[in-house]
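Worksheet for the structure shown next.
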Amino acid sequence: MPDQTPLTMGQQFGRRSWAEPWKIKMVEPLRMVDRAGREAALIEAGYNTFLLRSDRVYIDLLTDSGTSAMSDRQWAGMMLGDEAYAGSVNFYHLEAAVQRYYGYRYLLPTHQGRGAEHLISRVAITPGQIIPGNMYFTTTRAHQELAGGSFVDVIIDEAHDPTSLHPFKGNIDLDKLAALIEREGAARLAYVSLAATVNMAGGQPVSLANVKAVKQLCDRHGIRVYLDATRLAENAFFIQEREAGYADRSIAEIVLEFTRHTDGAWSSAKKDSLVNIGGWLAINDFEVFEELRNQIVLFEGLHTYGGLAGRDMEAMAIGIEESLQDDHIRSRIGQVRYLGELLVDWGIPIVQPIGGHAIFLDAKQFYPHLAQSLFPAQTLAAELYLDSGIRSMERGVVSAGRDPITGDHHYPKLELTRLTIPRRVYTQAHMDVVAEAVKAVWDSRAKARGLAMVYEPKYLRFFQARFSPA
Ligand code: F0G
């Protein structure tokens with residue numbers, strides 16, 4: 001008689017539970033402010049989650065930037081800071097890590113990503129030039145515009161559709177890029193600004209085939225390709241998972257293969273690279289490097305520290321290595337996916353496929369009764385905080401800013417609220433709590449009334465704008 005015992009889920013599907021590849025050595029208490037306290041905090045913050053004091057926040061999903069938990073090895077590295085003004089040994093460790101793992105020849109540390117964006121924009125853009133890219137990022141575009149350039153979006157159309165299941169929604173549309181080169185002439189293009197993954201599209205990846213094709217097209221016209229490598233490790237995970245021929249290649253190998261098709265890169269190391277502060281700019285061409293090195297002393301610091309302490313560079317060098325380990329990246333993206341799949345199961349509209357660093361709630365579908373001029377994504381972030389003390393951020397019309405020429409709001413197709421997951425910080429139980437809070441806000445969505453902007457700063461307005469109920 002064969003055994004009639006029903007199979008468990010695990011036996012049936014071969015499913016085995018998964019766990020983070022680390023254990024917790026130090027804890028930081030969390031506190032939940034009561035409803036009245038949250039209401040007061042939100043009014044004080046002008047309904048902008050960037051203006052909330054962090055001690056009023058329960059689970060902080062504002063950003064994955066600088067919010068990672070460092071490892072014991074990184075903290076040990078902090079104690080080995082060589083705080084010499086010039087030629088710190090930690091700089092040489094960092095330089096070696098970037099050369100080894102990202103493959104570029106010359107390195108400049110910067111205080112964070114936008115420091116690097118500032119330098120590359122000053123050096124590589126002549127006023128009046130165009131910078132095509134795969135969807136804008138706020139600080140990247142701001143520095144390109146400050147340098148007198150204008151950004152042109154050449155991402156594939158699918159990127160603007162939150163429901164499209166295209167596996168590489170970060171890809172550049174080669175026809176759009178070729179048409180732009182044809183129309184404007186190669187000399188008008190400063191460089192191609194390629195980001196992998198694409199933050200504003202929902203943490204969506206670029207395929208290796210795409211970067212190769214972009215590089216070939218640009219080489220034919222003598223145009224450089226510069227990469228925003230801030231979340232390239234996460235991008236490599238999606239290549240390993242989805243692109244034919246890469247399933248058996250390591251994350252580190254894929255990263256190196258990717259950067260081979262670019263001429264240089266900048267990174268906000270506060271994301272992938274698991275540090276609380278820091279960034280870098282790396283380049284292959286010595287002449288460009290020399291110009292960048294001339295500029296860095298004006299704006300960041302000497303070329304061997306770039307605005308960082310020696311200890312910060314040491315933590316970054318170690319973080320780079322840890323960030324490219326396959327089990328780390330699998331667990332990192334696995335946690336984001338766990339949260340996203342709970343929401344999808346409950347019918348809550350999010351950007352799909354689920355991206356690398358965050359879940360993006362589709363605020364247009366939450367609040368179809370709110371015009372985009374009532375800031376639906378900002379409203380959703382405020383409602384979520386009010387419900388549960390969870391802090392998210394707006395990625396819609398407020399982030400998109402105004403057209404520098406007409407002064408009108410940019411109205412992006414994507415009106416999103418981002419739940420950004422810090423690396424190695426929260427547990428699966430926190431993700432359950434977040435999912436339930438989002439569900440509560442979804443269930444009461446008909447009551448939302450929108451917001452009016454009552455104060456608007458000049459640059460990157462989403463950081464400091466203030467709102468009141470519409
Ligand atoms: N590039 C990308 C793709 C980014 O996401 C960021 C920062 C930067 C550049 C700028 O780097 O902050 O170190 O100066 N993104 C943060 C975020 C702010 O929350 O997405 P930074």
Side-chain angles (χ1 to χ4, degrees), residues 48-50 52 54 60-68 108-121 131 133-146 151 153 155 159 169-170 193-206 226-235 262 264-282 299-300 306-308 312 315-316 319-320 323 336 351 355-360 377 381 391-396 398-401 414 416-423 425 459-464:
N48 184 348
T49 50
F50 276 102
L52 285 168
S54 85
D60 201 347
L61 307 184
L62 183 71
T63 176
D64 63 331
S65 183
T67 53
S68 297
L108 292 168
T110 59
H111 78 283
Q112 58 182 72
R114 73 199 69 178
E117 291 173 336
H118 175 214
L119 296 177
I120 191 76
S121 302
I131 308 95
N134 52 344
M135 201 175 272
Y136 83 100
F137 183 70
T138 52
T139 57
T140 319
R141 188 180 68 190
H143 280 294
Q144 291 164 349
E145 289 173 352
L146 273 179
F151 176 81
D153 187 10
I155 203 166
K169 277 168 101 172
S193 182
L194 177 74
T197 61
V198 182
N199 191 350
M200 303 299 275
Q204 301 295 330
V206 175
Y226 292 137
L227 173 69
D228 182 338
T230 297
R231 297 186 184 84
L232 186 60
E234 291 172 3
N235 196 96
T262 65
W266 68 88
S267 172
S268 168
K270 300 169 73 174
K271 283 80 167 178
D272 264 1
S273 305
L274 299 165
V275 287
N276 303 123
I277 192 72
W280 52 260
L281 178 56
F299 297 105
E300 297 284 306
L308 295 171
D312 298 326
M316 205 193 310
I320 285 172
S323 73
V336 174
V351 173
H357 64 301
I359 298 302
F360 290 73
R391 171 152 70 172
S392 57
M393 83 148 85
E394 195 264 8
R395 292 273 90 147
V398 184
S399 293
L414 299 178
L416 309 173
T417 302
R418 188 179 75 172
L419 304 167
T420 337
I421 314 301
R423 295 165 185 79
V425 170
Y459 299 112
L460 300 172
R461 63 183 183 176
F462 56 95
F463 283 131
Q464 291 148 345

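Indexing begins at 1, ligand by ligand and atom by atom, following the structure's order.
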What are the atoms of ligand 1, with element, lying closer than 4.0 Å to any heavy atom of [X]?
X      : answer
Thr63  : 17 (C), 19 (O)
Lys270 : 13 (O)
Met393 : 19 (O)
Arg231 : 3 (C), 4 (C), 5 (O), 20 (O)

Is it true that Asp60 and Arg391 make a salt bridge, defined as a side-chain N closer than 4.0 Å to a carboxylate O?
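Salt bridge between Asp60 and Arg391, a charged N being under 4.0 Å from a carboxylate O: yes.
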Side chain or backbone of Arg114 under 4.0 Å from ligand 1, or both, or neither, by non-hydrogen atoms?
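Both backbone and side chain of Arg114 come within 4.0 Å of ligand 1.
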Option among His357, Arg231, Lys270 that satisfies the side-chain hydrogen bond (donor to acceptor under 3.5 Å, both in side chains) test with Asp64
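By the side-chain hydrogen bond (donor to acceptor under 3.5 Å, both in side chains) criterion, Asp64 pairs with just one of His357, Arg231, Lys270: Arg231.
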As a check for students: among [options], identify the option with a heavy atom nearest to [atom].
atom                    : options                        : answer
atom 9 (C) of ligand 1  : Met200, His143, Glu117         : Glu117
atom 2 (C) of ligand 1  : Thr139, Asn199, Asp228, Thr140 : Asp228
atom 13 (O) of ligand 1 : Ala229, Ser268, Gly278         : Ser268
atom 20 (O) of ligand 1 : Lys271, His357, Arg418         : Arg418

Would you call [X] and [Y] a side-chain contact if the rule is heavy atoms closer than 4.5 Å?
X      : Y      : result
Glu300 : Leu108 : no
Thr138 : Met200 : yes
Ser121 : Trp266 : no

Residue Phe463 excluded, over 12 heavy atoms near CZ under 6.0 Å
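For Phe463, atom CZ is crowded (more than 12 foreign heavy atoms under 6.0 Å).
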With only distance considered, is Phe137 within less than 3.5 Å of ligand 1 through an N or O on each side?
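In fact, backbone or side chain, Phe137 has no N or O that close.
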Any nitrogen or oxygen of Asp64, side chain or backbone, less than 3.5 Å from one on ligand 1?
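Checking ligand 1 against Asp64, no N or O pair falls under 3.5 Å apart.
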Under a plain distance cut-off of 3.5 Å, with no hydrogens placed, do Arg395 and Asn199 share a side-chain donor-acceptor pair?
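No - no donor-acceptor pair under 3.5 Å links their side chains.
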Side chains of Thr139 and Glu117: any donor to acceptor distance under 3.5 Å?
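Yes, because at least one side-chain N or O of Glu117 sits under 3.5 Å from a partner of the opposite role on Thr139.
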What protein heavy atom sits nearest atom 21 (P) of ligand 1, and how far off is it?
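Of every protein heavy atom, Gln112 NE2, 3.3 Å lies nearest to atom 21 (P) of ligand 1.
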